[in-house]
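Report on the structure given below.
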Amino acid sequence: MQYTATVTREGKWWMVRVGGINGLTQARRLSDAELMARELIAVTLNVPLADVDVTVDVQAVGPITDLRERLDRIEAERKQATELERQATRDAAELARALVELNVPLRDVGTVLGVSHQRAHQLVSKTS
């Protein structure tokens, strides 16, 4: 049994709404929301707790009603930052190898790239 619990913060409580059974419960901590939703579903439907699977979707905290959109944007930005970091590493490795081919010492390659000579050696040795 798969359900989604929609969670919002109201005062000191996390309000946990479970669609499909039109149920509502609350939790003091967000980490407890999934269990509270599972228990609500199990009791309401008279099924074993182990048979209930819940996905928690936090949607609002007080006046912050665009929480989901903001979290999605942050996740996309983190993915983009990770890809940019990978590309920067590839570019640095390419430049490091080019400098070494021109007989620039690894210590100087590191200085040019703003990294240690050990990191410059890693970049030169990188095979990707």
Side-chain angles (χ1 to χ4, degrees):
M1 307 177 95
Q2 175 64 46
Y3 288 87
T4 298
T6 302
V7 180
T8 57
R9 180 76 176 186
E10 296 179 17
K12 293 183 178 184
W13 294 94
W14 292 99
M15 303 308 293
V16 183
R17 290 173 177 80
V18 180
I21 66 165
N22 200 25
L24 175 67
T25 187
Q26 60 188 12
R28 180 62 92 178
R29 302 207 181 283
L30 182 57
S31 59
D32 297 332
E34 179 186 0
L35 177 59
M36 297 303 294
R38 290 178 62 226
E39 288 177 346
L40 174 65
I41 295 164
V43 167
T44 302
L45 301 178
N46 195 28
V47 297
L49 186 63
D51 291 347
V52 179
D53 188 27
V54 173
T55 301
V56 174
D57 183 19
V58 182
Q59 293 194 341
V61 176
I64 303 172
T65 58
D66 62 342
L67 186 67
R68 175 56 39 211
E69 293 82 15
R70 291 169 77 173
L71 289 171
D72 290 344
R73 186 179 68 245
I74 290 166
E75 181 180 348
E77 289 168 347
R78 285 180 174 152
K79 285 180 182 177
Q80 182 181 19
T82 298
E83 183 51 40
L84 288 170
E85 183 63 33
R86 285 185 186 128
Q87 184 59 51
T89 298
R90 287 189 295 266
D91 292 346
E94 181 183 324
L95 179 56
R97 284 190 293 273
L99 291 171
V100 166
E101 286 178 14
L102 295 172
N103 296 318
V104 176
L106 280 175
R107 287 191 183 277
D108 293 340
V109 170
T111 300
V112 168
L113 293 173
V115 299
S116 68
H117 71 277
Q118 293 94 336
R119 180 63 180 140
H121 183 268
Q122 289 175 337
L123 290 169
V124 169
S125 301
K126 205 170 177 108
T127 58
S128 60

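Here the structure is a predicted model, which is why all the values come from computation and not from measurement.
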4.5 Å side-chain heavy-atom contact, D72 and E69: no

Any heavy-atom pair between the side chains of L35 and L49 that's under 4.5 Å? yes

Decide yes or no for V112 and V104: does some side-chain heavy atom of the first lie under 4.5 Å from some side-chain heavy atom of the second? no

Under 6.0 Å from the CZ atom of R68, do we count more than 12 heavy atoms belonging to anything else shown? yes

Consider only side-chain heavy atoms of I, L, V, M, F, W and Y, link residues closer than 4.5 Å, and tell whether V61 and V56 are in one cluster. yes

Q59 versus V7: any side-chain heavy-atom pair under 4.5 Å? no

Side chain to side chain, M1 and V47, heavy atoms closer than 4.5 Å: yes

Are L95 and V124 co-members of a hydrophobic cluster defined by side-chain heavy atoms under 4.5 Å apart? yes

Only one of I41, L45, V18, T44 clears side-chain contact (heavy atoms from CB on, under 4.5 Å) with V52; which? I41

Given R17, which partner from the list T6, D57, T8 fulfils the side-chain hydrogen bond (donor to acceptor under 3.5 Å, both in side chains) test? T8

Would K79 and E75 satisfy salt bridge (charged side-chain N to carboxylate O under 4.0 Å, His left out), going step by step from the backbone distance to the final call? CA-CA 6 Å; K79 285 180 182 177; E75 181 180 348; 3.5 Å; yes

Stepwise side-chain contact (heavy atoms from CB on, under 4.5 Å) test for L40 and V16: CA-CA 10 Å; L40 174 65; V16 183; over 6 Å; no

Test side-chain hydrogen bond (donor to acceptor under 3.5 Å, both in side chains), reference R119, set H117, Q122, H121, output is Q122

R9 and I64: side-chain contact (heavy atoms from CB on, under 4.5 Å), yes or no, with the steps? CA-CA 9 Å; R9 180 76 176 186; I64 303 172; over 6 Å; no

Between D32 and R28, is a salt bridge (charged side-chain N to carboxylate O under 4.0 Å, His left out) present by the stated rule, with each step listed? CA-CA 7 Å; D32 297 332; R28 180 62 92 178; over 6 Å; no

Return the minimal non-hydrogen interatomic distance between V54 and Q2, and the atom names on each side. C-NE2, 4.2 Å

